[in-house]
4 protein chains.
Amino acid sequence: MSPEPNSERRSERARLAILDAVFDLCVSKGYAKVTIEAIASQAGVGKPTIYRWWRSKGALALDVLNERIGSNTDFPDTGDIVADLTTQMTRVTALLTSDTGRVYRGVIGEAQNDPELMRAMRETVVNPRIHGCRRRLEIAVKAGQLRADVPTSSMVDLFYGPVYYRFLLGFDVPDIRACTDLVEEVVAGLRP
Amino acid sequence: MSPEPNSERRSERARLAILDAVFDLCVSKGYAKVTIEAIASQAGVGKPTIYRWWRSKGALALDVLNERIGSNTDFPDTGDIVADLTTQMTRVTALLTSDTGRVYRGVIGEAQNDPELMRAMRETVVNPRIHGCRRRLEIAVKAGQLRADVPTSSMVDLFYGPVYYRFLLGFDVPDIRACTDLVEEVVAGLRP
Amino acid sequence: MSPEPNSERRSERARLAILDAVFDLCVSKGYAKVTIEAIASQAGVGKPTIYRWWRSKGALALDVLNERIGSNTDFPDTGDIVADLTTQMTRVTALLTSDTGRVYRGVIGEAQNDPELMRAMRETVVNPRIHGCRRRLEIAVKAGQLRADVPTSSMVDLFYGPVYYRFLLGFDVPDIRACTDLVEEVVAGLRP
Amino acid sequence: MSPEPNSERRSERARLAILDAVFDLCVSKGYAKVTIEAIASQAGVGKPTIYRWWRSKGALALDVLNERIGSNTDFPDTGDIVADLTTQMTRVTALLTSDTGRVYRGVIGEAQNDPELMRAMRETVVNPRIHGCRRRLEIAVKAGQLRADVPTSSMVDLFYGPVYYRFLLGFDVPDIRACTDLVEEVVAGLRP
DNA sequence: AACTAACCGAGACGGTACGTCGGGTCTTAGT
DNA sequence: ACTAAGACCCGACGTACCGTCTCGGTTAGTT
């Protein structure tokens, strides 16, 4: 393969058709049953056009995911940290249980066996949102709403951990939503 | 395939050879690159013998996992809930970062796209240990060491969630161990 | 395997059930689609029972064939050589186009790639009948009805050859029957 | 499979490598022991490439046969019908006893259980040569060298029948060659 | 305005692994 | 001791996709 195709000449039509095809197929058949051939066929695109721009199905699905969830990583800030965290946790559970969540689940599953994909996913999806969360938590710390002696990175784990844990171990959706109920308790434990 | 082979006539030799082969191959090549053919070849077994007893690579890996982690789901009980939780969380991180953890990671990844496998995994691996944990937490609640108004199931999420979350989103091992440091803080928040 | 089972203790019931199963399956599914497993299953017999007594499906089918066509290799002798040959050729075409003929066809097909089967088939099926034919032809030669300077073995070829040729190259049945019409012409050419 | 691959894009290299591999393997191991896998491996070709263009091993071997025997179906015509028939029968026996004959034997054997292959074989191999023979015989009939009241199709049976009969029932090669000695006798019987 | 370079669609190709079928052997129970 | 049953090892089957590789065709930027 040419080492690096000229991205200025890239066909936007093909790119969008491919991303849409991946999303539709993930939703209708499930991530694992989506094949590159089916994507190419559904998108009306040749296989090399896919391989020219993505190194694997996982990388492709990651792009789909990023397109769908958008690049906004802001955390709500109403001044009320409990309300803001609850809002955000609710958004996360909504995402995970949506069609886009099926893509996300597929990407995470694939990434367990593809370190490069894992890295890319963490970098483009997870870390930006963690940082958004930490910024908000730091504001709360400075406002004296949260203890200063617990690293915000650990606080993040306490909020996101249970949600992803239940999501990725296949607990039912209501159970995942219940995680958001914990916010108040956790915050209670983190009060100065 | 015959719907149900006669398990009394099953070859224990073949069974063990298969389980060992799966483990060795997972460790040496990574779960995703393990094929049924390679397992059969390495175990000196015909492919039909594998398909006769397991419905998929995931189901097979799940059996390997269960063989390796054993059936002991007891939670330590020294009377000191913080110490016991720390002990257990340390054990969990040790497991996840071990060779057996590679198998576990593979199973979880596969299960994202195989609901039946997810169910079986939760039933045989996750739930028994959750129940062990809850039993210990309930003792602590009764002893007045933990709040009674937070469900023990939610407490479990707070302890296990961060560990799995970091494990499955590919954070580095030291980060995962750091999760155990949270135990004290979390318990602090859960004190009556 | 035991080198030679004791044939005195052989189960006649099993033997007959196997032969019948082979015949029925050849007729209903065609020789090529008959498997040892299907034979065993249909006959209510274990596979080793088959392998104990026959070295291959071909050998088994050959036995079936011999059971069906009987051991009578006599050639008709009314004194009229043309009539006798016509009678016999008619019998042969009737056999070939019967259900038993399907078995015969299968055996011959198999024998193309199994010299031992070919030898056994020639020895048990073909040669005895050739000899019967030659005996009759020799009587005719001695009676001055046929030339003495053409070997009877070659005469046999002239009578049987066209029939088998058309049978084994897949010409239609009516064409095969037409072969019998040749008898008179051939005999004419063989008159002293 | 796609119902009809585009034959314009077919790889001639692959096609020839496959045909050669089939021939070599038939010669070295015998038709029955030739597997599609071995062909693919020997030809340096993927199995799907074989299945894309041929429906079975038999169809493939038939193509090999046709490549090897060529498309020339002319019958010699020196004016001497006995000499011409002898020449041709000698050629046929030479073919049948050659390496190509092993392929032919395999195809005929397979065709006993594959009507479609039988039809194709008769159409591409047998019938053209029969017609060549009949054309020559008709010339002889018109020249008054052969009887006009015996159909040429039957005459063909008398010449080819014995050869194929002995070939397919496994008589030794010398016996097959002896068939050509019959030509003179048969022609004698067919003289007006 | 024609040229040309790169992407595009299509799909054949060499491969790997799939999940299944059946072959022939072996073991176990039963008669 | 032979049988019925069936699990076992093995090899091949025919299929699904993989990722690569030509092919023309189209399209855009350059001359």
Side-chain angles (χ1 to χ4, degrees), chain A residues 1-2 5-11 13-14 17 33-41 43-53 55-57, chain B residues 1-2 5-11 13-14 17 33-41 43-53 55-57, chain C residues 1-2 5-11 13-14 17 33-41 43-53 55-57, chain D residues 1-2 5-11 13-15 17 33-38 40-41 43-53 55-57:
Chain A
M1 192 202 299
S2 309
N6 181 343
S7 56
E8 294 185 6
R9 309 201 53 178
R10 182 170 187 182
S11 158
R13 188 193 62 67
K33 289 188 182 161
V34 176
T35 66
I36 300 283
E37 299 223 320
I39 296 166
S41 164
V45 141
K47 281 198 287 177
T49 302
I50 296 176
Y51 286 109
R52 190 152 32 228
W53 303 108
R55 48 174 282 282
S56 69
K57 183 174 76 165
Chain B
M1 191 199 304
S2 307
N6 180 343
S7 56
E8 292 185 10
R9 312 197 56 181
R10 182 170 187 182
S11 159
R13 188 194 62 68
K33 290 188 182 163
V34 176
T35 66
I36 300 283
E37 299 224 316
I39 296 166
S41 164
V45 140
K47 280 196 288 177
T49 301
I50 296 178
Y51 286 110
R52 188 156 28 233
W53 302 109
R55 47 176 283 281
S56 69
K57 184 174 73 164
Chain C
M1 191 200 301
S2 311
N6 180 343
S7 56
E8 291 185 11
R9 309 201 54 176
R10 183 170 185 182
S11 157
R13 188 193 62 65
K33 291 189 181 160
V34 176
T35 66
I36 300 283
E37 300 223 319
I39 296 166
S41 163
V45 140
K47 280 200 285 176
T49 303
I50 296 177
Y51 286 109
R52 194 161 18 239
W53 303 108
R55 45 174 286 280
S56 69
K57 184 174 74 165
Chain D
M1 190 201 301
S2 308
N6 180 343
S7 57
E8 293 185 8
R9 312 196 58 182
R10 182 171 187 181
S11 160
R13 188 192 64 65
R15 194 186 131 260
K33 290 189 180 160
V34 176
T35 66
I36 300 283
E37 298 223 318
S41 165
V45 141
K47 278 198 288 178
T49 302
I50 296 177
Y51 286 109
R52 190 154 28 230
W53 302 109
R55 47 175 284 280
S56 69
K57 184 173 74 163

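Chain identifiers are assigned alphabetically (A, B, ...) following the order of the sequence lines, protein sequences preceding nucleic acid strands; residue numbering begins at 1 within each chain. All values below were derived from every heavy atom in this structure, side-chain atoms included, with hydrogens, water molecules and symmetry-related copies excluded.
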Please figure out whether A:G46 or D:R13 has its closest DNA chain E nucleotide nearer the 5' end. A:G46
So is A:R10 actually on top of A:W53's ring, under 6.0 Å and inside 45° of the axis? yes
In this structure, how many angstroms lie between the [atom2] atom of [N] and the [atom1] atom of [X], rounded?
{"X": "B:R9", "N": "E:dG30", "atom1": "CZ", "atom2": "P", "result": "11 Å"}
{"X": "B:I50", "N": "E:dA17", "atom1": "CD1", "atom2": "P", "result": "14 Å"}
{"X": "B:I39", "N": "E:dA17", "atom1": "CD1", "atom2": "P", "result": "12 Å"}

How long is the span from the NZ atom in C:K57 to the OG1 atom in C:T35, to the nearest 0.5 Å?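 That separation rounds to 7.5 Å.
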Just verifying a value: how many Å separate D:S11 OG and D:R52 CZ, rounded to the nearest 0.5 Å? 10.0 Å
Could you pull out the protein-nucleic contacts involving nucleotides 17-19 of chain F (nitrogen or oxygen on both sides, under 3.5 Å)?
| from | atom 1 | to | atom 2 | distance (Å) |
| --- | --- | --- | --- | --- |
| F:dC18 | OP1 | A:I36 | N | 3.0 |
| F:dC18 | OP2 | A:I36 | N | 3.1 |
| F:dC18 | OP2 | A:E37 | N | 3.1 |
| F:dG19 | OP2 | A:Y51 | OH | 2.4 |
| F:dG19 | O5' | A:Y51 | OH | 3.4 |
| F:dG19 | N7 | A:K47 | NZ | 3.1 |
| F:dG19 | O6 | A:K47 | NZ | 2.8 |

[X] and [Y]: which non-hydrogen atoms are nearest, and at how many Å?
{"X": "A:T49", "Y": "A:A14", "result": "CG2-CB, 4.3 Å"}
{"X": "B:G46", "Y": "B:A40", "result": "C-CB, 4.2 Å"}
{"X": "B:A43", "Y": "B:A17", "result": "CB-O, 3.5 Å"}

Closest listed nucleotide, where the reference is the side chain of A:T49 and the choices are E:dG14, F:dT3, E:dG9: E:dG9
Phosphate oxygens OP1/OP2 of E:dC8: is one of them under 4.0 Å from a side-chain N or O of A:W53?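 For E:dC8, OP1/OP2 do have a side-chain N/O of A:W53 under 4.0 Å.
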Side chain D:R52 and base E:dA12 donor-acceptor under 3.5 Å: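 Per atom types, no contact qualifies.
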For A:A40, report the nucleic acid contact type (base, sugar-phosphate, nothing); a contact means any heavy atom under 4.0 Å.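 Nothing, no nucleic acid heavy atom in range.
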